[in-house]
Amino acid sequence: MSAKTLYDKLWDSHTVRENDDGTSLLYIDRQLIHEVTSPQAFEGLRIANRQPWKLSANLATPDHNVPTTDRDKGISDPISKLQVDTLDNNCERFGITEFKMDDIRQGIVHVVSPEQGATLPGMTLVCGDSHTSTHGAFGTLAFGIGTSEVEHVLATQCLIQKKSKNMLVEVNGLLNPDVTAKDVILAIIGKIGTAGGTGYAIEFAGDAIRSFSMEGRMTLSNMAIEAGARAGMIAVDKTTIDYVKGRPYSPTGEQWEKAVEYWKTFYTDGDAKFDKVITLSAGEIKPQVTWGTSPEMTMAIDETIPDPLQESDPVKQEGMVAALKYMGLTAGKPISEVSVDVVFIGSCTNSRIEDIRAAAEVAKGKKVSDSIKQAMVVPGSGLIKQQAENEGLDRILLDAGFEWREPGCSMCLAMNADRLEPQERCASTSNRNFEGRQGQGGRTHLVSPAMAAAAAIAGHFVDVQSLNKTV
Amino acid sequence: MEKFTIMTAIAVPLDRANVDTDAIIPKQFLKSIKRSGFGPNLFDEWRYQDHGEPGMDNSKRPVNSDFILNKPRYSGAKILLARDNFGCGSSREHAPWALEDYGIRVIIAPSFADIFYNNCFKNGLLPIILSEKEVNGLFSTVEDNDGFQLTVDLEHKKITGSGSEINIDISFELDEFRRHCLLEGLDEIALTLEHAQDISVYEEKQKEITPWLY
Ligand code: SF4
């Protein structure tokens, strides 16, 4: 048998049949469902009088539209409310497990599923959401799909797919202190570009990647899609198995032993071939801040804002000029001199317990700068919120002047009431800095949770390392 | 998806070129969480005298009696006669959803916009391309003869109709695969379900390997 990559193994073990036109019928082990991309899929089932193929494969929770304050008052926007109510009704009617808005297990789908052990190694997982790549951190083939495909999976437990090419992104060596998974993925995207992974499934490897916790690995895979790859994944190891153990959806007893044996086979064979290999040296990566309107427009905290005139490619140059204009920035200025209005710590990229711990550690005993209009922390799930409160992290953050919110997508895409005003500048731990993403005219800088907390304290971007000296 | 084999119905002539999907179903109705129920808002801006919004009681709105769909002689029409480039503009699948929900099953035009044409087949609609001359002929026949009905026979790829001194007999072309899917009422899901046996076999095999997922 020829050597296989992790992606090859996941693909082959889920192929039901190969079609004549080069596509395959791929079996899907788990589908996650949220309120925005599912209503028409359920409606389609109803019209065609079809039933879900395998009920237990699905798990639902509302996240995009839920309010992050005053939960007991319900959702005030009628359209948002209707979407959430519709999800509730559909799940009830078809018998799909849903963690509703008032359930402690509710949260962002990509946070909830791993937390419950519903994301397991060696499986295929889909969701009507592009950041489904997150789950690849478990040695899982996970990718985002459209509404008609959501319906297709509900009805058949399969998808018709074409296989991608294999790309390896290796990060070797020792990371500097305060360099997190977020900085590493931003540095990777900065290097290969937002289309660098188009047509590929990316495997992240190397000792720097291995050193990350599951939380860090999820942050990394989460943003594979920002590098253009529908799926990003990391081989299964002890960290993966330790994380999965004892979670509600995880196997137990004899099945656990069997599962571990099986999961351990999900790694790339030594002599397997990749279509493309990218290598980064961990020691060269510094804390990152994005300066533009695409995640590839990123820089290290100690650098100055890039000058479009230095760019030889005219198309890129034009893009840089437009981005600087939108962001209200001038070339040559140190990014550490750029002041911030709003700080958002949350989203499926960085709202897990470790992220909140990192923010609290920076904020401990300090105060959010008077120049900051709003600094909010939005945990990824009700259980994370509870855990953080048990650890006293909410107190540290509240004492420092942060707001402590209810779980949801929140200001990541501003579909609920949390949004930026035009021209407001935000240090955000989310994954997209596109124009208007966090509110019309809003200016987003992507950073790690520690860097976001540091910006809140200093009132401007600052290297966490030097924060104690400047404040 | 509903099968399409043969159908006899009144045809309504919509005498405009470049009818875009925003005219078929205006953007304010896209906020809907449904894929059905768009029928009352099909061609909303042309059908009613006021501005339509989701949630309105359409039965109480002032109707534009000049608009062709509102003329009593065309009520119950299931065939739409159209002009060049029907369905251009945004790719919204809501356009075929609205037509289908209204009751239209066949659209006959000299040309269609690409995405709309494809979207039709996913939703059980049959778009038929005829020559300019043939479409002109159908327009006059339908306009000149109150209550005239056309028969669309997908099996034999024929459009027929007869009345005093009129005899219509037109053949049309259609991709074999698409014809098969419509005749059998197969959508993409149905096509996958043709392999239901394979899927079950796969599941049986996997139950041994990954029992914790079953
Ligand atoms: S947190 Fe943001 S990126 Fe993640 S699922 Fe929600 S809206 Fe999408």
Side-chain angles (χ1 to χ4, degrees), chain A residues 13-17 19 25-27 29-30 35-36 38-48 50 53-54 56-57 78-79 82-87 89-90 117 120-124 147-149 151-160 249-256 258-259 262-263, chain B residues 1-3 25 28-39 53-55 91-98 100-101 115 118-119 121-125 177 181 184-214:
Chain A
S13 59
H14 289 86
T15 303
V16 173
R17 71 188 301 275
N19 301 318
L25 195 61
L26 202 68
Y27 192 82
D29 294 314
R30 172 84 62 216
E35 78 277 21
V36 181
S38 66
Q40 276 97 354
F42 282 113
E43 173 93 0
L45 280 191
R46 226 165 4 236
I47 291 172
R50 291 189 174 115
W53 180 276
K54 184 167 173 252
S56 64
I79 292 175
L82 182 62
Q83 280 200 326
V84 173
D85 288 349
T86 304
L87 179 69
N89 293 338
N90 282 328
L120 292 170
M123 62 163 38
T124 45
T147 297
S148 55
E149 289 177 313
E151 183 182 343
H152 200 282
V153 175
L154 275 169
T156 70
Q157 215 50 54
C158 290
L159 276 177
I160 299 161
Y249 280 71
S250 217
T252 49
E254 236 171 78
Q255 284 205 353
W256 170 260
K258 189 175 164 131
Y262 177 71
W263 293 339
Chain B
M1 206 170 69
E2 215 180 315
K3 283 185 188 185
I25 183 80
Q28 63 268 32
F29 301 103
L30 270 50
K31 289 183 207 156
S32 166
I33 48 157
K34 301 192 157 199
R35 105 164 60 185
S36 61
F38 293 101
E53 279 294 331
S91 65
R92 64 191 65 161
E93 206 165 321
H94 304 67
W97 293 346
E100 200 257 359
D101 193 62
I115 300 174
N118 286 320
N119 280 342
F121 293 101
K122 283 191 188 154
N123 293 283
L125 287 170
F177 175 71
C181 288
E184 300 297 323
L186 298 176
D187 49 29
E188 273 171 33
I189 293 177
L191 286 174
T192 295
L193 288 174
E194 284 190 343
H195 303 300
Q197 181 69 30
D198 293 343
I199 302 172
S200 300
V201 167
Y202 173 87
E203 285 181 326
E204 285 309 315
K205 188 185 80 192
Q206 285 304 114
K207 266 179 207 164
E208 298 294 318
I209 304 169
T210 58
W212 55 92
L213 295 178
Y214 292 85

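Order of the sequence lines sets the chain letters (A, B, ...), proteins ahead of strands, with each chain counted from 1. Just so you know, these numbers use all the heavy atoms, side chains as well, and skip hydrogens, waters and symmetry mates.
Note on A:Ala48, A:Ala41, A:Pro39: by heavy-atom pairs under 4.5 Å with chain B, the leading option is A:Pro39. In terms of non-hydrogen atom pairs under 4.5 Å with chain B, the most contact-rich of A:Glu35, A:Glu151, A:Glu43, A:His14 is A:Glu43. With chain B as partner, the option from A:Val36, A:Leu159, A:Thr156 having the largest number of non-hydrogen pairs under 4.5 angstrom is A:Thr156. Interface summary for chain A: among B:Leu191, B:Ile199, B:Val201, the most heavy-atom pairs under 4.5 angstrom belong to B:Ile199.
Interface remark: B:Ile209 contributes backbone and side-chain atoms alike to the contact with chain A (heavy atom separation under 4.5 Å). Using a 4.5 Å cut-off between heavy atoms, B:Ser36 contacts chain A through both its backbone and its side chain. Interface residue A:Lys258: backbone and side-chain heavy atoms are both found under 4.5 Å from chain B. The part of A:Ser13 that comes within reach of chain B is its backbone (N, CA, C, O), which places non-hydrogen atoms under 4.5 angstrom from that chain.
The local environment of CD in A:Glu254 is sparse, with at most 12 non-hydrogen atoms from other residues, nucleotides or ligands closer than 6.0 Å.
Between A:Gln255 and B:Pro211, the shortest heavy-atom distance links the atoms NE2-CB, 3.5 Å. For the pair A:Leu120 and B:Leu213, the tightest heavy-atom approach, listed with the atom from each and the gap, is CD1-CD2, 4.2 Å.
In this structure, A:Arg50 CZ and B:Asp187 CG are separated by 4.5 Å, a value rounded to the nearest 0.5 Å. Here the CD1-SG distance, from B:Ile189 to A:Cys158, works out to 11.5 Å after rounding to the nearest 0.5 Å. Between atom CG of residue A:Asn89 and atom CD1 of residue B:Ile33 there is a gap of 8.5 Å, rounded to the nearest 0.5 Å. Here the straight-line distance linking atom CD of B:Gln206 with atom CG of A:Asp29 works out to 7.5 Å at 0.5 Å rounding. The line from CD1 of A:Ile47 to CD of B:Glu2 is 11.0 Å long, rounded to the nearest 0.5 Å. How far CG of A:Leu25 is from OG1 of B:Thr192: 5.5 Å, rounded to the nearest 0.5 Å.
The main-chain N or O of A:His152 is never found under 3.5 Å from a side-chain atom of B:Glu188 such that the two would form a donor-acceptor pair.
Residues B:Glu93 and A:Thr147 form no side-chain contact, since every pair of their non-hydrogen atoms from C-beta on lies 4.5 Å or further apart. For the pair B:Arg35/A:Arg46, no side-chain contact is recorded, criterion being any heavy-atom separation below 4.5 Å from C-beta on.
With hydrogens and angles left out, the side-chain atoms of B:Glu203 and A:Trp53 include a donor and acceptor closer than 3.5 Å.
By the side-chain hydrogen bond (donor to acceptor under 3.5 Å, both in side chains) test, A:Arg17 pairs with A:Asn19, B:His195, B:Asp198, sequence neighbours left out.
Ring orientation note: the planes of A:Trp263 and B:Trp212 are nearly perpendicular, at an angle over 60° on the 30°/60° scale.
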